[in-house]
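Report on the following structure.
Just so you know, these numbers use all the heavy atoms, side chains as well, and skip hydrogens, waters and symmetry mates. Every value quoted in this text rests on a predicted model; they were computed, and no experiment measured them.
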Amino acid sequence: MTLIKSISGIRGTIGGHTGDTLNPLDIVKFTTAYATFIARCEVRGARCEDMRKIVVGRDGRISGPMVRDIVCGTLVGMGYEVIDIGLATTPTTELAVRWHEADGGIIITASHNPTQWNALKLLNSEGEFLTAADGAEVLRIAEAEDFDYAPVERLGRVVKDDTMNQRHVDSVLQLRLADVEAIRNRKFRVCADTINSVGGIILPQLFEALGVSYEILNGDCTGQFAHNPEPLEKNLQGIMEKMRGGGFDLGIVVDPDVDRLAFICEDGRMFGEEYTLVSVADYVLENEKMRNGENEKWFTVSNLSSTRALRDVTEKHGGQYTAAAVGEVNVTTKMKEVGAVIGGEGNGGVIYPESHYGRDALVGIVLFLSSLAQKGCTASELRRTFPDYQIAKNRIDLTPDTDVDAILVKVKEMFAQDPEAVVNDIDGVKIDFPTRWVHLRKSNTEPIIRVYSEAQTMEEADELGKRLMQVVYDMQ
């Protein structure tokens with residue numbers, strides 16, 4: 001296994017075993033490269049005399065303290081003031097960059113990956129992920145070791161700030177569409193699985209501020225994940241069984257860094273991770289229309305591999321939907337371009353610009369509870385109001401020397417002549433049919449093509465995906 005380097009940072013496994021890839025030397029090198037890049041940006045103007053500032057936050061992983069110490073020490077050696085906000089979610093760290101008027105931020109988290117993984121996610125001065133060009137420059141600096149450290153008289157320092165979690169909660173409660181009064185009046189009872197990470201710290205603060213009674217499963221922030229931390233149905237049998245026992249209005253699941261969000265209905269069935277964004281967008285669009293009138297057109301954005309239900313809901317409210325390439329920075333870039341009021345990704349990532357341009361489970365929770373409170377319905381009743389689609393996820397394994405780009409060009413050409421197909425090639429090839437779609441895109445880290453397909457039943461979706469897989473196999 002090799003260290004995974006991408007425009008958003010580096011990721012690898014930690015331990016003493018053969019194949020482990022994220023070691024202290026790598027952490028120092030890439031932190032130094034990032035600090036060098038930030039210093040050259042001059043993003044905050046005249047910083048010549050002032051010490052530049054980087055925010056550092058981490059999730060609850062076992063390796064977190066070790067990685068944090070190396071990152072902070074390296075930044076001090078580069079002459080930076082480090083704002084260490086401690087155990088914090090990814091969206092909290094993103095917001096903290098703005099609140100501290102910092103030059104950038106580093107989030108120490110491997111998101112939904114298992115416990116042996118960790119990563120450095122890199123932010124710009126707006127608290128947003130680096131663009132492709134900026135990320136590539138960081139990788140170039142690291143590869144060339146094109147950097148120098150600060151002289152002893154200009155070393156940096158570490159300043160701790162443990163107020164960011166509460167400030168994050170407060171900011172969410174102040175959003176225009178956060179109907180805190182309705183939520184308090186509804187007296188919700190929720191069960192939340194916080195997978196032994198920072199969700200166990202911040203979600204109780206949120207629930208108490210909302211007057212929501214709660215029970216937390218896997219709430220100790222130990223980094224010893226009680227189950228696979230990706231919030232998919234196959235990993236959530238514990239909380240689903242708890243919900244089936246009754247006594248709760250809603251089940252809430254977050255990943256270790258709390259930027260992905262999944263709901264479980266009061267009867268123990270999954271609401272559907274793809275439908276987190278759909279339900280929140282429906283609430284936002286409905287309220288924007290009520291506040292601003294029928295003639296205003298509102299825009300939404302998700303990536304190409306997300307459910308068509310967002311498009312359907314957007315058009316129901318008279319809005320316009322736009323697709324972006326896969327990747328959070330691509331979604332936020334498109335959202336800014338079209339002026340979207342809501343957007344995100346089908347993995348449970350809600351991006352609400354009034355708060356910030358980043359996936360934020362706290363924002364998603366408050367807007368979803370506001371929707372349930374205003375409508376006076378249950379989660380399962382709300383789910384039945386949306387179009388029902390199923391997504392199948394497959395992969396095509398290739399040899400390392402396969403020309404994936406040439407294969408995707410051939411697939412595009414094959415369907416370009418089909419009068420029923422609409423072909424989009426901004427990220428791999430997506431083929432939209434009237435009632436279903438299939439999306440093929442190459443992996444940046446493995447010799448595979450990911451094949452996602454959606455239809456009104458899982459059987460139809462899987463059949464469509466496998467038909468396209470056979471097309472690719474026949475080309476080799």
Side-chain angles (χ1 to χ4, degrees), residues 87-92 94-96 99 162-195 197-219 221 231 239 242-243 246-255 257-266 271 275-277 279-284 286-287 342 344 348-352 354-356 358-383:
L87 289 162
T89 75
T90 282
T92 305
E94 292 169 346
L95 287 163
W99 290 332
D162 61 1
T163 67
M164 291 294 100
N165 286 330
Q166 187 60 54
R167 186 165 178 181
H168 185 184
V169 170
D170 292 343
S171 74
V172 173
L173 299 185
Q174 291 163 10
L175 295 172
R176 282 185 308 116
L177 297 185
D179 196 339
V180 177
E181 182 180 0
I183 293 171
R184 287 174 177 157
N185 290 339
R186 181 73 183 267
K187 301 187 184 304
F188 285 109
R189 300 157 297 164
V190 304
C191 181
D193 184 344
T194 59
I195 194 58
S197 191
V198 291
I201 297 172
I202 199 166
L203 289 195
Q205 292 178 252
L206 177 68
F207 295 146
E208 287 167 12
L210 291 170
V212 169
S213 64
Y214 61 92
E215 180 174 338
I216 303 292
L217 305 182
N218 307 315
C221 188
I239 187 170
K242 184 83 171 178
M243 292 297 296
F248 297 101
D249 299 298
L250 185 67
I252 296 173
V253 181
V254 293
D255 65 340
D257 67 326
V258 198
D259 64 352
R260 288 176 62 174
L261 173 65
F263 296 118
I264 300 169
C265 297
E266 75 288 346
F271 191 85
Y275 284 81
T276 298
L277 174 59
S279 59
V280 172
D282 178 66
Y283 171 73
V284 169
E286 185 175 55
N287 276 269
I342 188 76
V350 174
I351 302 172
Y352 187 48
E354 187 186 323
S355 175
H356 63 121
R359 296 182 302 181
D360 192 332
L362 273 69
V363 169
I365 290 168
V366 169
L367 295 182
F368 187 85
L369 289 176
S370 296
S371 179
L372 287 183
Q374 287 187 6
K375 292 178 171 67
C377 65
T378 65
S380 59
E381 288 169 344
L382 179 63
R383 177 64 179 82

Specify the closest pair of heavy atoms between G358 and E94, including all atoms of both residues, with the distance to one decimal.
CA-OE1, 3.7 Å

By ring pair (Phe, Tyr, Trp, His ring centres under 6.0 Å), Y214 pairs with (sequence neighbours left out) F207

Between CG on residue L372 and CG on residue L367, distance to nearest 0.5 Å:
11.5 Å

For E266 and A379, which heavy atoms make the closest approach, and how far apart are they?
OE1-N, 3.4 Å

Considering non-hydrogen atoms only, spot the tightest contact between A361 and L261 and give its length.
O-CD2, 3.6 Å

Holding to side chain to side chain donor-acceptor pair (under 3.5 Å), I want the full list of residues that pass it with E354, two or more places apart in sequence or in another chain.
R176, Y352

Sequence neighbours excluded, which residues qualify as salt bridge (Lys or Arg N to Asp or Glu O under 4.0 Å) partners of D179?
none

With rounding to the nearest 0.5 Å, note down the distance linking OG in S370 to CZ in R186.
11.5 Å

Mind listing the closest non-hydrogen atom pair of A96 and M164 along with its distance?
CB-SD, 3.6 Å

Report the C-alpha distance between I342 and V280 in whole Å, list the side-chain angles of each, state the deciding distance to 0.1 Å, and finish with yes or no for side chain to side chain contact (heavy atoms under 4.5 Å, CB included).
CA-CA 8 Å; I342 188 76; V280 172; 4.1 Å; yes

Any side-chain heavy atom of Q374 within less than 4.5 Å of one from N287?
yes

Should S371 and L382 count as side-chain neighbours, where that means a heavy-atom distance under 4.5 Å?
yes

Are the side chains of T194 and L217 in contact, using a 4.5 Å heavy-atom criterion?
no

Is any side-chain heavy atom of L362 closer than 4.5 Å to a side-chain heavy atom of H168?
yes

For A209 versus L173, what's the shortest heavy-atom pair and its separation?
CB-CD1, 3.5 Å

Report the distance from atom OG of S279 to atom CZ of R383, rounding to the nearest 0.5 Å.
9.0 Å

Could you grab the distance from atom OG1 of T89 to atom CG of D257, nearest 0.5 Å is fine?
7.5 Å

For R167, give me all partners under salt bridge (Lys or Arg N to Asp or Glu O under 4.0 Å), at least two apart in sequence or on another chain.
none

For residues A262 and T276, report the shortest heavy-atom separation together with the two atoms involved.
CA-OG1, 3.9 Å

Inter-residue atom distance N165.CG - L87.CG, 0.5 Å rounding:
8.0 Å

Within the 6.0 Å centroid threshold, strictly below: F368 and F263
yes

Between S380 and F271, is there a side-chain heavy-atom distance shorter than 4.5 Å?
no

Partner residues of E286 under the salt bridge (Lys or Arg N to Asp or Glu O under 4.0 Å) criterion, sequence neighbours left out
K375

Given V253 and I264, is the side chain to side chain contact (heavy atoms under 4.5 Å, CB included) satisfied, shown in steps?
CA-CA 8 Å; V253 181; I264 300 169; 4.0 Å; yes

Determine whether L203 and V254 make a side-chain contact, defined as any pair of heavy atoms from C-beta on separated by less than 4.5 Å.
yes

Here the gap from E215 atom CD to F248 atom CZ, rounded to the nearest 0.5 Å, amounts to 4.5 Å

State, yes or no, whether a side-chain contact exists between D360 and V258 at a heavy-atom distance under 4.5 Å.
no

Residue that, paired with L369, satisfies side chain to side chain contact (heavy atoms under 4.5 Å, CB included) out of V180, D249, L210, L206
L210

Could you please spell out the steps behind the side chain to side chain contact (heavy atoms under 4.5 Å, CB included) verdict for M243 and C191?
CA-CA 8 Å; M243 292 297 296; C191 181; 4.0 Å; yes

Compare all side-chain heavy atoms of P91 with those of R359 and state whether any distance is below 4.5 angstrom.
no

Full working for side chain to side chain contact (heavy atoms under 4.5 Å, CB included) between I365 and V190:
CA-CA 11 Å; I365 290 168; V190 304; over 6 Å; no

Going by the rule side chain to side chain donor-acceptor pair (under 3.5 Å), which residues pair with Q166 if we only count those two or more places apart in sequence or in a different chain?
D170, Q205

